[in-house]
Amino acid sequence: MIYLHKILPIFILPVMIVIQLICIGLIKKKNKYIYFALVLLYVISTPFFSNNFFKLVEGSEYRTPINKIDNAEAIVVLSGMLSVNEVGNSYYIEWGDPDRFFGGIDLMKAGKASKLIFTGGKMPWSKSKKNEGEILKEYAILNGIIEKQIIVTKDVQNTEQEAVAVKELIKSNESIILVTSAFHMLRAKRLFEKQGINVIPYKVDYKSHGNGLTTIIDFLPNANSLARTENGFRELLGRLFYFLIKP
């Protein structure tokens with residue numbers, strides 16, 4: 001099932017739509033489809049479009065100060081921030097979005113909860129023996145968090161499984177501070193609340209820029225902006241799936 005979740009959205013993401021339009025234009029020998037595809041590709045690849053589009057996906061623009069976050073029984077940090085590469089009996093990691101990890105550490109050091117829960121992200125195609133949460137636990141200890149305060153869930157493959165796994169570790173009346181990327185928070189919060197968990201959101205890893213001046217550079221396409229647009233559409237598709245197709 002996880003393979004279907006990863007593969008099926010590809011066919012309705014912007015880049016694939018551009019490719020499909022070009023193919024239609026070539027097959028039907030109608031240049032208007034090709035021209036439209038090129039214009040679409042240009043627009044979604046500009047910083048101006050991708051930044052403003054991603055602001056809508058992320059919601060509020062700025063991170064909430066920690067002193068404004070209510071205390072809870074546990075802090076939950078979702079997976080999806082690193083990749084694990086094993087060489088022989090050792091391993092090294094590549095960080096993707098470390099804001100989730102450091103956001104959880106900062107909340108713990110501020111005394112916002114007595115437990116820090118890492119979800120055990122691990123895809124079926126991963127060759128690593130350890131899940132992501134187990135590795136993050138090691139780094140949390142190095143950052144001054146007491147080992148007995150840290151809990152790692154069982155292996156999970158997506159946000160829905162993370163919510164179920166966390167539910168198994170906490171009492172029904174406990175609240176959590178949920179730490180994840182800003183664009184991912186809306187979907188994650190609803191999935192955790194679906195499990196009957198009281199969620200206090202703490203958004204991190206904002207990918208849209210602030211209200212700076214718009215310059216000519218914002219209208220020049222680049223690969224980073226295209227990737228951000230794609231990620232935003234993928235997140236919207238995830239919300240559509242869980243909120244409408246699988247409520």
If you look only at distance, which donor and acceptor atoms sit under 3.5 Å apart when one is on a side chain in residues 195-206 and the other is two or more places apart or in another chain?
from: K203; atom 1: NZ; to: E58; atom 2: O; distance (Å): 2.8
from: D205; atom 1: OD1; to: K207; atom 2: NZ; distance (Å): 3.3
from: D205; atom 1: OD2; to: S181; atom 2: OG; distance (Å): 2.7
from: D205; atom 1: OD2; to: K207; atom 2: NZ; distance (Å): 3.2
from: Y206; atom 1: OH; to: S60; atom 2: O; distance (Å): 3.3
from: Y206; atom 1: OH; to: Y62; atom 2: O; distance (Å): 3.1

Salt bridge or not between [X] and [Y]? Use side-chain N to carboxylate O under 4.0 Å.
| X | Y | value |
| --- | --- | --- |
| R100 | E132 | no |
| E138 | K130 | yes |
| E235 | R239 | yes |

Aromatic ring pairing F101/W95, orientation class (parallel under 30°, perpendicular over 60°, tilted between): tilted
Under the 3.5 angstrom rule, does the side chain of [X] hit a backbone N or O of [Y] as a donor-acceptor pair?
| X | Y | result |
| --- | --- | --- |
| N51 | P47 | no |
| D106 | G103 | no |
| E134 | V152 | no |
| E73 | S175 | yes |
| E162 | S79 | yes |
| S45 | L41 | yes |

Less than 4.5 Å apart, any side-chain heavy atom of [X] and any of [Y]?
| X | Y | value |
| --- | --- | --- |
| Q161 | K154 | no |
| F183 | N231 | no |
| L82 | L136 | yes |
| T46 | D218 | no |

Can [Y] be reached from [X] by stepping across I, L, V, M, F, W or Y side chains whose heavy atoms are under 4.5 Å apart?
| X | Y | value |
| --- | --- | --- |
| L169 | L107 | no |
| V18 | Y35 | no |
| L191 | M185 | no |
| L116 | I66 | yes |
| I146 | F118 | no |

Would you indicate whether [X], at its atom [atom1], is surrounded by more than 12 heavy atoms from other residues, nucleotides or ligands within a distance under 6.0 Å?
| X | atom1 | answer |
| --- | --- | --- |
| F219 | CZ | yes |
| F53 | CZ | yes |
| E168 | CD | yes |

Criterion side chain to side chain contact (heavy atoms under 4.5 Å, CB included) on L13 and V15, from CA distance to verdict: CA-CA 6 Å; L13 288 175; V15 169; 5.8 Å; no
Minimum heavy-atom distance between G25 and I34, given as atom pair plus value: CA-CG1, 4.0 Å
Exercise: do T119 and T153 side chains pair donor with acceptor under 3.5 Å: no
